[in-house]
There are 2 protein chains.
Amino acid sequence: MATRKRVTAQDVARLAGVSRTTVSFVLNNITDMRISEETRQKVLEAARQLNYHPDVVARRMVTGRTRVLGFVLRQSPEQAFADLFLPQVLNGLSQAAARQGYQVLFEPIAPGHPNTMYARLVNERHVDGIILSGPRFDDEDLLRLHREGAAVVLIGRLPDVEIPYVDVDNVGGARMATEYLIGLGHRRIGLVTNAPLFYTASAERLSGYRQALEAAGLSFEEGLVRYGDFTPQSGYQAMMSLLQVRPLPTAVFVASDTVALGALQAIRHAGLRIPDDISLIGFDDIPLAGFLDPPLTTIHLPAFNLGWEAAEMLLSRLHGEEIPSPAARLLATHLVERESCAHARR
Amino acid sequence: MATRKRVTAQDVARLAGVSRTTVSFVLNNITDMRISEETRQKVLEAARQLNYHPDVVARRMVTGRTRVLGFVLRQSPEQAFADLFLPQVLNGLSQAAARQGYQVLFEPIAPGHPNTMYARLVNERHVDGIILSGPRFDDEDLLRLHREGAAVVLIGRLPDVEIPYVDVDNVGGARMATEYLIGLGHRRIGLVTNAPLFYTASAERLSGYRQALEAAGLSFEEGLVRYGDFTPQSGYQAMMSLLQVRPLPTAVFVASDTVALGALQAIRHAGLRIPDDISLIGFDDIPLAGFLDPPLTTIHLPAFNLGWEAAEMLLSRLHGEEIPSPAARLLATHLVERESCAHARR
DNA sequence: TCAAACTGCTAACACGTGTTAGCAACCATT
DNA sequence: AATGGTTGCTAACACGTGTTAGCAGTTTGA
């Protein structure tokens, strides 16, 4: 572990026979200071020869900015990695960040430590701002952080709070899915949610489902609703329960492809066929959706864009462009028609 | 963007009526310096009152260490996020890091910039060390970095290079899968790789397949091998081609569950049944594997542990514990028996 | 010819912390 | 009473950079 001595700008200056200040000007391309082409080259050559790399820690010290964004996962890692949605968000996030020379610090909540102080990230200056996925409304730290002027952007909505956020149009997507089933002639349409209702995304999808039903003059029935919990297992349970209902629904909207996977299996186990006996529509459009049996009709969510837009919003905030508060961006979804839905039988 | 003035240790010192040094001793619990309980409390109270948080950038400046690990994705983001394998690795990684007070900087390769200098991470002191997934043997930067004494741990093997690495036992896993099929009485066993052979994991899985065949006295046939490319699409193509072979293989080892998904679809489209007409075994045990139709028998890979072990190895290196070079750790796989394989028919 | 402007560079400060060396005041020992 | 040790604290340096103010030497303008 003999940590080799760092090469500093001072070393470069010495070798080039100039002052450290000059080295700084040359390497940062400060054109205001008129540096002769000759010394410029001397400095560049010396830097190359010594394999000099400026110390970003020292630079942060003086500039006051880290050029790092924190990506905080408020939900548990098991949930976060139940499917590819959040990884895709992370991907979009870090690509948008990289494009502007920023890096991403990945900060999942430690399991068993639900109150890990992610606020430290900002307070101790690990990062310039944070993107928080899966906000909870009882999160006092979050509200305080925002009150104190920290740069925060949410992925997912938080009602009655004016923190900027980016989200998918859950209500619209769920309405679209339900309307599609109605358009196929279904009148008895079940719902399996993606998660318990205290997740706002979950409540919103329920709301879109309900809106579509009522707009079509169909009544909303509690008895046709079951609650998933992120996993295929929960989808299996939920669908098994739904299959006890009489008369049987002719179609079911499952508000998560991952949960739908379990639902598919339950339907198979019950000896029913999709879409002949029962139509199924999912939500998310996970990459595998097209390769299920049958290929799953679903609502596509722009996961990559969600991350991208969140990063863009945070960065413009950091660069001082005032965003109208509350700043919000709702990303559109679209229907991907595959083979898991059919016309209702007479 | 009026960045509120930072509260520094100096401010705390002033309020408590002591020197900044004393504040540092109290807050860092330096017991060697004998601080009276009275001043201790004064300092703690002042810090609390001012909501003081030490500046981690300044601390890094003086300690010389960042307590950040870089997670570099050498493969393209599309590949990296083709399934949940790497996200799970990332999860294990950051949990192991968090347990020792380290954070993780996520650094995917920028698309279209294959030579992005991730070496900067170490040279410019963004991180203390890096974990690199998907190493390539033509990676000059990597070799130089290691030669210069940087702390690097690989996920995935690099032949003929003495950089510490953690990897899954691909050969053993593939042998296990193939032996399982042989044990069921299959004698004509096809192979669809997970990726082109210049990926070491791919070549290793092929090698395990071959070993198992030859150990059982079966001949290795080029004609029964097809090449996948991470995606279900490629699996579909590969299997379609394999289904042209006569006599038809009675079982196929697909060295990636994600690729297997496409293979499943191809078999369905050909009107054959699994496992009645043809047995299929996968590799990876993606979380969805048990919910496919039929539930997929596959080789489980310890993705979470892979990340965890890599982090542990890097951290012990950083803490000065000398690791015998080359340090390597090969994680065991195991077979998960589901319903996609059956006895060979007479 | 002399002041003014410009060219090319540098000294010195600031950022906020960890840590070493050392300084008074008090107590215990000879 | 003089010496030596202990207790409780602080002054001062170091980390490596960005940046402002300013200084010689040269050129330009009247």
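Letters go in sequence order (proteins before strands), and every chain restarts at 1. Both backbone and side-chain heavy atoms feed into the values below; hydrogens, waters and symmetry mates do not.
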Which part of the nucleic acid, if any, lies within reach of A:Thr22 when heavy atoms closer than 4.0 Å are counted: base, sugar-phosphate only, or nothing?
base

Nucleotide D:dT17, atom P - distance to OH of A:Tyr52 in whole Å:
3 Å

D:dG16 P sits how many Å from A:Arg14 CZ, rounded?
12 Å

Where the side chain of A:Ser19 is concerned, which of D:dA14, C:dA11, C:dC15 is the nearest nucleotide?
C:dA11

Give B:Arg59 one of three labels, base, sugar-phosphate or nothing, depending on what nucleic acid heavy atoms sit under 4.0 Å from its own.
sugar-phosphate

Work out which heavy atom in A:Leu314 is nearest to a heavy atom in A:Val152; give both atom names and the distance.
CD1-N, 4.2 Å

B:Phe25 side chain, from C-beta outward: closest of C:dG16, C:dT20, D:dG16
C:dT20

Write down the distance between CZ (B:Arg65) and P (C:dT19), rounded to a whole number of angstrom.
10 Å

Distance-minimising heavy-atom pair for A:Ala310 and A:Val153
O-CG1, 4.0 Å

Separation of A:Arg34 atom CZ from D:dG25 atom C1', in whole Å?
17 Å

Between atom CD1 in A:Ile35 and atom P in D:dG18, what is the gap in whole Å?
14 Å

Roughly how many Å is it from CD1 in A:Ile30 to C1' in C:dT10, rounded to a whole number?
16 Å

Report the distance from atom CZ of B:Arg20 to atom C1' of C:dG16, rounded to the nearest whole Å.
7 Å

Looking for any heavy atom pair under 4.0 Å, which part of the strands does A:Val18 touch: base, sugar-phosphate only, or nothing?
sugar-phosphate

Of the listed nucleotides C:dA21, C:dC9, C:dT7, the one nearest the side chain of A:Ser36
C:dC9

What's A:Thr21 touching, base or sugar-phosphate or nothing? Going by heavy atoms closer than 4.0 Å.
base

Nucleotide of C:dC9, C:dT20, D:dT17 approaching A:Thr39 most closely (side-chain heavy atoms):
C:dC9

NZ/NE/NH1/NH2 to OD/OE distance under 4.0 Å, B:Asp55 and A:Arg125:
yes

Closest approach of A:His126 and B:Val56, non-hydrogen atoms and distance?
NE2-CG2, 3.6 Å

Of A:Met33 and B:Glu37, the one whose closest nucleotide on DNA chain D sits nearer the 5' end is B:Glu37

What's the shortest heavy-atom distance between B:Gln75 and B:Arg136, and which atoms?
CA-NH2, 4.1 Å

Can you tell me if A:Ser24 touches the phosphate of D:dG18, counting only side-chain N or O atoms and a distance under 4.0 Å to OP1 or OP2?
yes

Output the single nucleotide from D:dT17, C:dG8, C:dC15 whose closest atom is nearest the side chain of A:Met61.
C:dC15

Name the closest nucleotide to the A:Ala58 side chain, picking from D:dA11, D:dT17, D:dG18.
D:dT17

Just the rounded figure in Å: distance from C1' of C:dG18 to CG of B:Leu27.
12 Å

